[in-house]
Each structure stands twice: as C-alpha cells, then as structure tokens.
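What follows is a short report on a single structure.
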Amino acid sequence: ACTAGSRVYIQEKIYEKVLGGVVDKLKNLKMGNALDENSDIGAIISKEQLDRTLHYMNIAKENSSTKVLHGGNQKKEGDYKDGFFYEPTLLSGVPVESPVCQEEIFGPVACAIPFKSFDEVVERANNHELGLASYICTSSMEKAHRASELMETGTVAVNTPVVAIAEAPFGGIKQSGYGREGGSNAIKDYLNVKYTHLGIKG
C-alpha cells in the first residue's frame with residue numbers, strides 16, 4: 001500500500017524490546033489467500049512486484065551490517081506455489097542512505113532504525129523526497145502534536161495505523177502526489193464556481 005510505513009524509527013532505550021515484540025507478532029501472522037478470513041497477509045499482486053521486492057532484498061543482504069530479524073524469503077511450496085508470497089520482513093542495520101530505506105518497495109519489508117532524541121528523529125524522518133504519510137506512536141500527546149506539526153507529510157496518524165478515511169482529505173507533499181482528494185475537498189468536484197467582480201461607483 002502507498003501509505004505503508006517502511007522506515008520504523010524506534011527510541012534507542014526501547015529499541016531491542018520493541019524489536020522483540022514486533023518479531024513475536026510477525027511470527028504469528030498467517031499467510032494465505034487474501035479472501036480467507038483466517039489469513040493475515042496475502043500474496044504480492046504480481047510477479048513484477050515480487051521481483052521488485054526481491055531486488056531490494058538483494059541490495060539489503062549485500063550490506064554486511066544488515067540483519068534479517070524476521071522473514072526475508074519467498075514462499076513457494078505447498079499452498080504458496082500458485083501465488084507470489086513473500087514473508088513479512090523486518091530488517092535492522094540497513095544504512096538510511098540505502099535504496100532499501102529511500103525508495104518505495106511496495107512489498108512487505110520494513111527497516112528498523114534507532115534514534116536518540118525527538119529533534120533527531122523528526123529531522124531524519126523529514127530528510128526524504130517523499131511525503132505521503134507518517135505514523136507516530138507515543139504516550140505523550142504533547143510530543144504527538146509537536147511531531148504532527150513538524151512532519152513533512154500530507155497525513156499524520158497518531159497511535160493508529162489508519163490514515164485514509166472517507167471523511168478526511170488525502171494526499172501528499174514533496175514528490176508524493178499533487179493536491180488532495182476525499183473529505184470536504186471531494187465536494188468541490190461537484191460544484192461549479194462562479195466569480196463575480198463588482199466595480200463600485202461613487
């Protein structure tokens with residue numbers, strides 16, 4: 001999905017704890033037919049997109065600092081032989097300047113990156129040419145509001161994975177789209193705008 005987060009910044013004091021929890025969650029995800037209510041994750045949409053995922057994973061694995069914390073493999077056997085299934089994958093140690101962190105993979109791959117301070121993570125998150133969506137997880141609403149104002153993205157979600165809802169405008173900044181759709185903005189598509197200019201005579 002275009003709004004899927006692929007760079008996950010984690011405060012260094014809780015970095016290992018969070019990674020452990022995420023890996024435990026990933027281990028329990030069930031891959032399968034996306035139309036099956038028991039499936040958590042379906043197949044990648046096409047061979048072209050699978051090849052794109054494999055391409056970026058090859059780049060990641062070529063770097064000696066990269067660690068595959070979970071996943072990193074295409075599933076081909078048994079129930080997976082007729083689809084483009086790829087395990088949900090969490091990486092650490094990938095350099096932020098790597099294409100794996102900088103470009104859109106559109107596959108089930110995310111990079112975990114530790115940070116020290118609030119200002120540091122905002123600066124690093126904004127140091128990117130794309131600006132569609134960002135996500136903030138925090139128990140501090142003060143920091144949530146501050147970060148929301150500073151994030152250079154069209155949408156910010158706080159303590160929720162949901163960013164696109166019908167009643168809200170949707171779109172990005174920088175190299176992520178043009179303008180907004182949805183919400184009150186969509187009403188304008190059904191309006192004819194008339195401009196009247198009055199010249200007032202004394």
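Side chains included, hydrogens not; waters and symmetry mates left out as well; all remaining heavy atoms used.
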Test item: [X] and [Y] side chains (from C-beta on) under 4.5 Å apart, heavy atoms:
X: C2; Y: L132; result: yes
X: M141; Y: N159; result: yes
X: K116; Y: E12; result: yes

List, by chain and number, the other hydrophobic cluster members for [X], where Ile, Leu, Val, Met, Phe, Trp and Tyr join if side-chain heavy atoms come within less than 4.5 Å, directly or indirectly.
X: V8; answer: I10, I14, Y15, V18, L19, V22, V23, L26, L29, L69, L90
X: M31; answer: I41, Y80, F85
X: M57; answer: I44, L50, L54, Y56, I59, V68, F84, Y86, L91, V94, V100, I105, V109

Scan the side chains in residues 161-173 for donor-acceptor partners under 3.5 Å anywhere in the protein, sequence neighbours excluded, and list what turns up.
none

Can you establish whether the number of heavy atoms outside [X] located under 6.0 Å from its atom [atom1] is more than 12?
X: E48; atom1: CD; value: no
X: K81; atom1: NZ; value: no
X: D79; atom1: CG; value: no

For [Y], is there any backbone N or O sitting under 3.5 Å from a side-chain donor or acceptor partner on [X]?
X: S117; Y: E120; value: yes
X: S39; Y: N33; value: yes
X: N126; Y: L150; value: yes
X: T66; Y: K61; value: no
X: Q11; Y: K13; value: yes

Would you sort out whether T196 and L198 count as a side-chain contact (heavy atoms from CB on, under 4.5 Å), showing the intermediate values? CA-CA 6 Å; T196 300; L198 297 178; 4.0 Å; yes
Taking atom [atom1] of [X] and atom [atom2] of [Y], what is their separation to the nearest 0.5 Å?
X: T53; Y: N58; atom1: OG1; atom2: CG; result: 11.0 Å
X: L35; Y: E37; atom1: CG; atom2: CD; result: 10.0 Å
X: E103; Y: S6; atom1: CD; atom2: OG; result: 10.5 Å
X: R7; Y: S134; atom1: CZ; atom2: OG; result: 10.0 Å
X: C111; Y: Q102; atom1: SG; atom2: CD; result: 10.0 Å
X: E152; Y: E123; atom1: CD; atom2: CD; result: 10.0 Å

Between [X] and [Y], which heavy-atom pair has the shortest distance, and what is it?
X: T138; Y: S140; answer: OG1-N, 3.0 Å
X: S65; Y: P95; answer: OG-CD, 4.0 Å
X: N28; Y: D24; answer: ND2-O, 3.1 Å
X: G131; Y: S176; answer: N-OG, 2.9 Å
X: I136; Y: A144; answer: CD1-O, 4.0 Å

V121 and I113: same hydrophobic cluster, using ILVMFWY side-chain contacts below 4.5 Å? yes
Please, which pairs that meet ring pair (Phe, Tyr, Trp, His ring centres under 6.0 Å) have at least one residue in residues 125-147, sequence neighbours excluded? none
Lys NZ or Arg CZ of R146 over F118 ring: under 6.0 Å, within 45°: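 So R146 does make the cation-pi contact.
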Quick one: which residue pairs count as a side chain to side chain donor-acceptor pair (under 3.5 Å) with a foot in residues 87-97, not counting sequence neighbours? N73-E87
Taking it one step at a time, do K174 and L130 satisfy side-chain contact (heavy atoms from CB on, under 4.5 Å)? CA-CA 6 Å; K174 301 181 182 180; L130 301 176; 6.0 Å; no
